[in-house]
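Structure record follows, encoded as structure tokens.
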Amino acid sequence: MAKTQLNVRVDEGTAQVARERATARGMSVNRYIEELVRQDAGEIGHTFVEAASDFMKQYETVFVEEFGAEREGGMREGRR
């Protein structure tokens with residue numbers, strides 16, 4: 001995968017903490033920052049999935065009325 005250079009400015013205290021945390025994990029500061037961004041992006045994705053799930057639960061009866069239990073994907077008796 002191609003890499004893109006990204007320059008950021010942080011105060012010296014933040015830079016030092018980043019260096020220390022990266023070293024403690026046995027990785028470069030670049031890799032450490034990259035991992036932090038990936039984790040953050042994953043959390044956003046997780047939050048979206050949770051919100052979508054809540055929406056579906058909230059409007060489950062509307063979907064069942066419109067499409068029926070078979071198409072809704074819900075659990076039928078005896079099916080696990």
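Remember, predicted model here, so these are calculated numbers, not experimental data.
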Handout entry: Ser53 side-chain N/O to Val49 backbone N/O, donor-acceptor pair under 3.5 Å
Key = no
Problem - Arg21, CZ: over 12 other non-hydrogen atoms inside 6.0 angstrom - result: no
Exercise for the section: Taking all heavy atoms of Ala22 and all of Tyr32, pick out the closest pair and write down the distance. Expected result: CB-CB, 3.7 Å
Handout entry: Value rounded to 0.5 Å, distance of OG1 in Thr14 from CZ in Arg9
Key = 14.5 Å
Practice task
Decide yes or no on side chain to side chain contact (heavy atoms under 4.5 Å, CB included) for Gln39 and Val37, but give the supporting numbers first.
Solution key: CA-CA 5 Å; Gln39 288 173 11; Val37 171; over 6 Å; no
Handout entry: Salt-bridge present (Arg25, Glu20; N to O < 4.0 Å)
Key = no
Practice task
Quick one: sort the Phe63 and Phe67 rings into parallel, tilted or perpendicular, breaks at 30° and 60°.
Solution key: parallel
Problem - Minimum side-chain heavy-atom gap Glu34-Lys3 below 4.5 Å - result: yes
Exercise for the section: State yes or no: do Met27 and Ile33 share one hydrophobic cluster built from I, L, V, M, F, W and Y residues joined by side-chain heavy-atom distances below 4.5 Å, directly or via other members? Expected result: yes
